[in-house]
Amino acid sequence: MPPFNLETTLVPLTLLIILGWLVGRAQDIDLKSVSTILIFAITPVVAFGSTAQLSFHGTLVLLPFISFTMAAFAGLTSFRLGQRLLRDKDMGYLLPQSTGSGNNGYYGLPLAMALFPPEQVGIYFLIMLGTTMYEVTLGYYFVGRGHLTAKHAFQRVLKMPSMYALIAGLLFSAAHVQLDPGVLKLWDVARSCYVCVGMMIIGIALAKYKKLAWEWDFIALTMFGKYLLWVVAVTAFIMLDSHILKIFDPTIYTMISILVITPAGANTAAFAAQHNFKPQLAATVVFVTTVVSFVFLPVVLPLMLTLVR
């Protein structure tokens with residue numbers, strides 16, 4: 001595996017957050033409109049193109065189900081804890097999204113590309129497929145439940161285009177349909193937009209408020225769920241498979257371990273803004289976990305790579 005280059009991978013993401021903050025301070029930007037474009041236009045194109053190009057074979061087909069289960073464990077456990085421990089119970093409806101999902105696309109994907117040869121990066125997409133499906137179903141549902149009834153929140157999930165884009169992509173992949181070059185070009189452009197707009201939304205959301213939402217009980221539970229619960233889930237899977245099931249190899253363990261060190265997904269802020277449900281708090285926790293991941297990544301990643309070998 002090539003060495004991980006912190007500067008070329010993470011610095012651009014940081015600059016995008018800063019750029020979003022600068023633009024948000026200088027201009028009156030409607031955060032909800034920007035997040036709606038990201039959720040309902042850009043993300044479905046990225047989801048379809050990425051999934052349609054996946055190659056499912058053998059035991060690799062299990063990977064999305066494994067990562068979805070891990071996400072559900074972290075997200076739902078955090079939600080239950082939030083209902084018991086949070087001062088403001090409504091904040092708990094952000095926990096399944098902020099802890100179960102992660103910035104696995106425009107944060108985790110550069111890590112995978114830096115650590116593995118191109119022919120193996122597709123496996124990371126399979127792993128990411130499970131967390132993406134969790135994000136647009138359970139994660140999105142709970143954000144909606146913060147201010148909607150269960151029925152209306154479920155109806156919002158059914159209107160989420162990314163879910164259908166993922167399903168369509170899976171059908172194209174299963175049928176071995178080759179995407180038209182024009183579609184591939186659109187996907188490539190949308191993927192770049194996804195990274196830029198997604199990271200800038202964090203900065204824009206932060207710029208709209210004079211100060212961050214320092215709800216320490218919520219931030220602590222997010223950190224607990226996003227990092228410690230994910231460590232428990234990933235470690236349990238690696239121990240079970242390496243000692244009993246013996247299905248996967250250490251390369252798969254390393255790829256799944258990337259999910260542990262990714263911060264809360266930027267879509268946490270996008271979903272909150274789209275629902276107008278505590279967007280300041282969502283942006284704050286995404287920003288905090290991003291800073292934490294940036295700081296601890298150079299230490300944690302080499303340690304994890306040593307443990308899974």
Side-chain angles (χ1 to χ4, degrees), residues 1-2 4 50-51 54-81 95-105 107-109 111-139 166 170 173-174 221-265 289 293 296-297 299-309:
M1 293 186 296
F4 172 65
S50 301
T51 310
L54 294 178
S55 177
F56 292 87
H57 58 85
T59 56
L60 295 181
V61 73
L62 299 174
L63 292 176
F65 298 98
I66 293 170
S67 58
F68 182 94
T69 301
M70 291 179 179
F73 165 73
L76 299 182
T77 301
S78 298
F79 175 74
R80 296 298 296 176
L81 290 174
L95 282 171
Q97 177 65 27
S98 66
T99 61
S101 68
N103 205 336
N104 302 315
Y107 187 101
L109 182 57
L111 295 184
M113 295 176 67
L115 290 170
F116 301 99
E119 61 272 15
Q120 292 184 346
V121 174
I123 299 176
Y124 178 77
F125 272 107
L126 285 174
I127 297 171
M128 196 173 71
L129 174 61
T131 59
T132 302
M133 184 60 77
Y134 169 87
E135 180 180 271
V136 301
T137 53
L138 284 177
L166 288 170
L170 289 173
S173 175
L221 277 176
T222 296
M223 300 285 284
F224 177 82
K226 186 65 199 73
Y227 297 111
L228 292 181
L229 288 181
W230 269 98
V231 167
V232 170
V234 170
T235 301
F237 162 72
I238 293 175
M239 296 297 290
L240 176 65
D241 187 75
S242 62
H243 290 86
I244 300 176
L245 301 178
K246 301 184 185 300
I247 298 175
F248 301 106
D249 58 46
T251 299
I252 302 298
Y253 302 156
T254 303
M255 288 188 174
I256 290 182
S257 295
I258 291 175
L259 303 180
V260 171
I261 54 179
T262 58
T289 55
S293 292
F296 287 102
L297 177 61
V299 177
V300 175
L301 185 59
L303 177 61
M304 292 174 55
L305 296 181
T306 301
L307 293 176
V308 300
R309 284 172 184 167

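Throughout, residue positions are numbered sequentially from 1 according to the sequence presented.
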What distance do [X] atom [atom1] and [Y] atom [atom2] have between them, rounded to the nearest 0.5 Å?
| X | Y | atom1 | atom2 | value |
| --- | --- | --- | --- | --- |
| Phe125 | Met255 | CZ | CE | 11.0 Å |
| Thr69 | Phe237 | OG1 | CZ | 10.5 Å |
| Ile256 | Tyr124 | CD1 | OH | 11.0 Å |
| Leu95 | Leu76 | CG | CG | 11.0 Å |
| Ile252 | Ile238 | CD1 | CD1 | 11.0 Å |
| Ile127 | Ser257 | CD1 | OG | 9.0 Å |

Whether [X] side chain and [Y] backbone form a donor-acceptor pair below 3.5 Å:
| X | Y | answer |
| --- | --- | --- |
| Ser98 | Ala264 | no |
| Ser293 | Ile261 | yes |
| Lys226 | Ala74 | no |
| Asn103 | Thr262 | no |

Q.
Is any side-chain heavy atom of Leu259 closer than 4.5 Å to one of Met128?
A.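 SC-SC contact between Met128 and Leu259 ruled out.
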Q | Verdict with reasoning, Ile66 to Phe248, per side-chain contact (heavy atoms from CB on, under 4.5 Å) | A | CA-CA 12 Å; Ile66 293 170; Phe248 301 106; 3.8 Å; yes
Residue pair [X] / [Y]: nearest heavy atoms and the distance that separates them:
| X | Y | value |
| --- | --- | --- |
| Thr99 | Trp230 | O-NE1, 2.8 Å |
| Ala233 | Phe73 | CB-CD2, 3.9 Å |
| Ser78 | Leu221 | OG-O, 4.5 Å |
| Pro96 | Phe79 | CG-CB, 3.7 Å |
| Ala71 | Gly100 | CB-O, 3.3 Å |

Q) Please, which pairs that meet side chain to side chain donor-acceptor pair (under 3.5 Å) have at least one residue in residues 125-138, sequence neighbours excluded? A) Asn104-Thr131, Glu135-Asn267
Q: Would you check, one step at a time, whether the test side-chain contact (heavy atoms from CB on, under 4.5 Å) holds for Val136 with Leu166?
A: CA-CA 10 Å; Val136 301; Leu166 288 170; 4.2 Å; yes
